[in-house]
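Notes follow the structure.
Below, read A as the first sequence line, B as the second, and so on, with proteins coming before strands; counting in each chain starts at 1.
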Amino acid sequence: MDKIYDHTKVEEKIYKQWEEGGYFQPEINPTGKPYSIILPPPNANGDLHFGHAMFVVEDILIRYHRMLGDAALWLPGTDHAGTETQFVFEKKLQAEGKSRFDYNRQELFDMIWKYVGENQGGIEKQLRRLGFSLDWSRQKFTLDPDIVAIVKDTFRKMYNDGLIYRDYRLVNYCTRDGTSFSDLEVVHEERVNPLYYIKYGPLTLATTRPETKFGDTAVAVHPDDKRYTEYVGKEIEIETVLGKAKIQVIADESVDPTFGTGVVKITPAHDFADFETGRRHHLAMKQVIGFDGKMNHYAGEFEGLYVKQARAAVVEKMKQLGLLVKVDEQYVSRIGVCYKCKTILEPLPLEQWYVKVKPLIENANKAVDEKLVKIYPQGFVHTLKLWYAGLRDWNISRQNVWGIQIPVWYEIAQEKDFSVSFIDSEKKHMSGQLDEILKTHSWEEIENGLQKVVAPITAKIVFEDQKEKNKKYLPETDTFDTWFSSGQWPYVTLKTSKPGDFEKFYPTSVMETGYDILKAWVSRMLMLGLYVANGKHVTDTKQLEKTVPFRDVVLHGLVNDPLGKKMSKSKGNVVNPLEVADQYGADTVRFALVYGTGLGNDQAMSYAKLDAARKFTNKLWNMARFLEMKKPEGMGSIQSLSLHQLEGFAISQPDKDMVEEVKRFAKEITEYLEKYQFNLAAERLYEFSWHTFADKYIEDVKSRVDTNSYTVLANIYTILLELLHPFMPFVTEEIYSQMGIGDKPLIVTSWPK
RNA sequence: GGAUCUGUAGCUCAGUUGGUUAGAGCGUUCGAUUCACAUUCGAAAGGUCAGAGGUUCGAAUCCUCUCAGGUCCACCA
């Protein structure tokens, strides 16, 4: 054996042996009981980061269960990451002087498909590099045709069950990326937003958004506010930047009489609170800002200005007209911005698809309350339930092409109600009302170059196979929120991987992921998973227990930079786990990540910990070298004995004691793993191997080696290798093979009991 | 504003049903060794477990409050 353990000579070779041996497939233990984990699918277009490296926890569980003799399946896959990937691709287009408006849907989709394809395999290579024993023969992608078909089918079932509906509501809309976002995707930032006090006839009100005044359909005060009682229910005459107008005054509980003047302008089309108020009072919606972020015809002379420009111009005009009472220039408020491009999100009214969350949440809560699904660490149960409690219906429409198209068609009853944008035969980007467009362009031209269809909320909705020959239809051009498809991940992967997988491995045993996506992802899997697996909404507890997507949820923490700051590309403090693995070895990285951090807690990436883990790897290696050296003459290969068999060889008292101690130790490690206390397992393994086995026991046996004591010594070491294998698979396997222990690779030996 | 997590040796962190002298890695100091160990071994110093109060025979661990930091959520114009 080499004097020093050199991971560069070992890891690739060993991984290949494992894979070629078929050890990553559950079929290796054909009669074992099923144990399954679905890998949280990384972005197919992305790179491995430390968050993914934490999936080592899953590998530990899978390797442990494989050694227990279970049919252990760890299924890999990747996610198309709709918004994210399209954003990256559009940036690339931009760099080439192009934009997505230069292409029709199909062209754009194909280009992104090709682009992702070129980067494909990157993630896979990286996951292999860390020694993850994933069953690559079952790898899935969220845009695999069979998966897409199921996701679309789920939509149809839910629509027919009344769990999905279309509504005209405000969305968080990024006018730069041209798409809406779910509440969860909105980033709130504090910004200085001057508060303008504006004269509205006899009243004065305060607003941060004077440019939306063209869309005001009421003015509201608190019902108990005596100052304004005389106006409530009446129409007042006001002077505006566009001349005289009339507006009604309403009373609504939501108005805070202590803020500003206690008077609020109600702009239902451009403010979430006003939208709700508007619905309560049946106010008209007047959209004055377009999806391009510019003022429309309602803004009169301000038409065509961007929101920011319009605000300045309107304020200026109000000054001239003496309508501006005062300005609080220092007013700070929190506003929603696009999480990718940081553009201020406009609340805009749009027809969108919504999931009715209430019935789904009831089941998800039941699953958690009745422990059909257990969450570790337990504290996150509370987080999840609180989130469910406040959840509003889920907007699943995204105006991206990179995704799964919502599979509905709109019947064209009145062409004037529809608007379309498309690339015409001269490669020009066109958009407008359908009836106008049809005067200059043919139907085929529109269909072929289609980019986006906006259908009225009243449009008749059909599925592909329900279309009638003599009618005209246009498809929904929106795609699903990525979480709508990944929310069905355990179901769709097992349904499409290999025949019988679903029946055998669903519900999955463990869902392990970072706590940061508990709400975005785990919550959605619970909501959708129960529905999808039943094909309908069920409430029977017994049935729910059989159809939960996973039994246990295990949540790991984040890996921050060495200074404890969150790693991010913009901060430039990202450390690539593969570079660290190149330098230290995969085993070392794995051990360092697990050691010394409790489940669910964040950790700072620590070079000190890596150094310690590397020394430990080397220590293990040297124990093996010592054993090789001290091997009594004429002894054959080391047989792998069970703890029970070993008792027969322990004759001297110290040997007997040691065998007893190892028995307890193995049990201890097993218990830690069963309770997902990986850090404690790693710490005990380290402590015992080094300070009990090496420092004390080896030192003791040194002076009295004979065939018997050597057999005990070597077998205890073997047991250590077995217990350590899930944590440090490469070095333990290499030692096992070099020492010629046993007749099969370590990865498929039995867990010490 | 709501919720949640964290605050333990110089640094990074373990310590999961409350129980004897509170642990590890790195760092520091002293000694040994180069006989498996780009070393390793032995030993040492170093903590009023953020602070205050409470429950208990007993609290780093449970409760209350305070302080500090992080994260998530939230329609105050």
Just checking [X]: base, sugar-phosphate only, or nothing, at a heavy-atom cut-off of under 4.0 Å?
X: L205(A); answer: nothing
X: Q378(A); answer: nothing
X: V255(A); answer: base
X: T207(A); answer: sugar-phosphate
X: Y686(A); answer: sugar-phosphate
X: L386(A); answer: sugar-phosphate
X: M623(A); answer: base
X: D611(A); answer: nothing
X: G260(A); answer: nothing
X: Y331(A); answer: sugar-phosphate
X: K3(A); answer: sugar-phosphate

Where the side chain of [X] is concerned, which of [options] is the nearest nucleotide?
X: N622(A); options: rA77(B), rA14(B), rA36(B); value: rA36(B)
X: K619(A); options: rC76(B), rA36(B), rA38(B); value: rA36(B)
X: D695(A); options: rC75(B), rC37(B), rG42(B); value: rG42(B)
X: I698(A); options: rU16(B), rC72(B), rA36(B); value: rA36(B)
X: K615(A); options: rC26(B), rC75(B), rA14(B); value: rC26(B)
X: A604(A); options: rC76(B), rU12(B), rA14(B); value: rU12(B)
X: K566(A); options: rA36(B), rA14(B), rU71(B); value: rU71(B)

Between [N] and [M], how far is it from one [atom1] atom to the other, in whole Å?
N: rU21(B); M: rU64(B); atom1: C1'; result: 31 Å
N: rC30(B); M: rU71(B); atom1: C1'; result: 45 Å
N: rU48(B); M: rU8(B); atom1: C1'; result: 12 Å
N: rC26(B); M: rC65(B); atom1: C1'; result: 37 Å
N: rA3(B); M: rG25(B); atom1: P; result: 41 Å
N: rU28(B); M: rG70(B); atom1: C1'; result: 31 Å
N: rU29(B); M: rG15(B); atom1: C1'; result: 27 Å

Indicate yes or no: does [X] engage [Y] in a salt bridge with an N to O separation below 4.0 Å.
X: E239(A); Y: K199(A); value: no
X: D274(A); Y: R209(A); value: no
X: E687(A); Y: R684(A); value: yes
X: E211(A); Y: K213(A); value: no
X: E699(A); Y: K702(A); value: yes
X: D252(A); Y: R279(A); value: no

Could you tell me if the side chain of V56(A) sits less than 4.5 Å from the side chain of F727(A), heavy atoms only? no

Paired with [N] by Watson-Crick or G-U wobble geometry, both distances under 3.5 Å: which nucleotide is it?
N: rC11(B); answer: rG25(B)
N: rG42(B); answer: rC30(B)
N: rC65(B); answer: rG51(B)
N: rG19(B); answer: rC57(B)
N: rC73(B); answer: rG1(B)

[X] side chain near [N] phosphate (N/O to OP1/OP2, under 4.0 Å):
X: K630(A); N: rC35(B); result: no
X: H691(A); N: rG25(B); result: yes
X: H382(A); N: rA3(B); result: no
X: R614(A); N: rA38(B); result: no
X: N618(A); N: rA38(B); result: yes
X: N679(A); N: rA24(B); result: no
X: W690(A); N: rC41(B); result: yes
X: Y515(A); N: rU4(B); result: no

Please state how far atom [atom1] in [X] lies from atom [atom2] in [N], giving the value in whole angstrom units.
X: E253(A); N: rC75(B); atom1: CD; atom2: P; value: 19 Å
X: N193(A); N: rC75(B); atom1: CG; atom2: C1'; value: 14 Å
X: I335(A); N: rA77(B); atom1: CD1; atom2: P; value: 10 Å
X: R169(A); N: rC75(B); atom1: CZ; atom2: P; value: 14 Å
X: E671(A); N: rU16(B); atom1: CD; atom2: C1'; value: 13 Å

Can you work out whether K265(A) or Q677(A) has the more 5'-proximal nearest nucleotide on RNA chain B? Q677(A)

Contact nearer the 5' end of RNA chain B, comparing L599(A) with Y595(A): L599(A)

Classify the angle between the aromatic ring planes of F616(A) and F591(A) as parallel (below 30°), tilted (30 to 60°) or perpendicular (above 60°). tilted

Please work out whether the ring planes of Y331(A) and F259(A) are parallel, tilted or perpendicular, with thresholds of 30° and 60°. perpendicular

Quiz item: Q603(A) side-chain donor-acceptor pair to rA14(B) base, under 3.5 Å: no

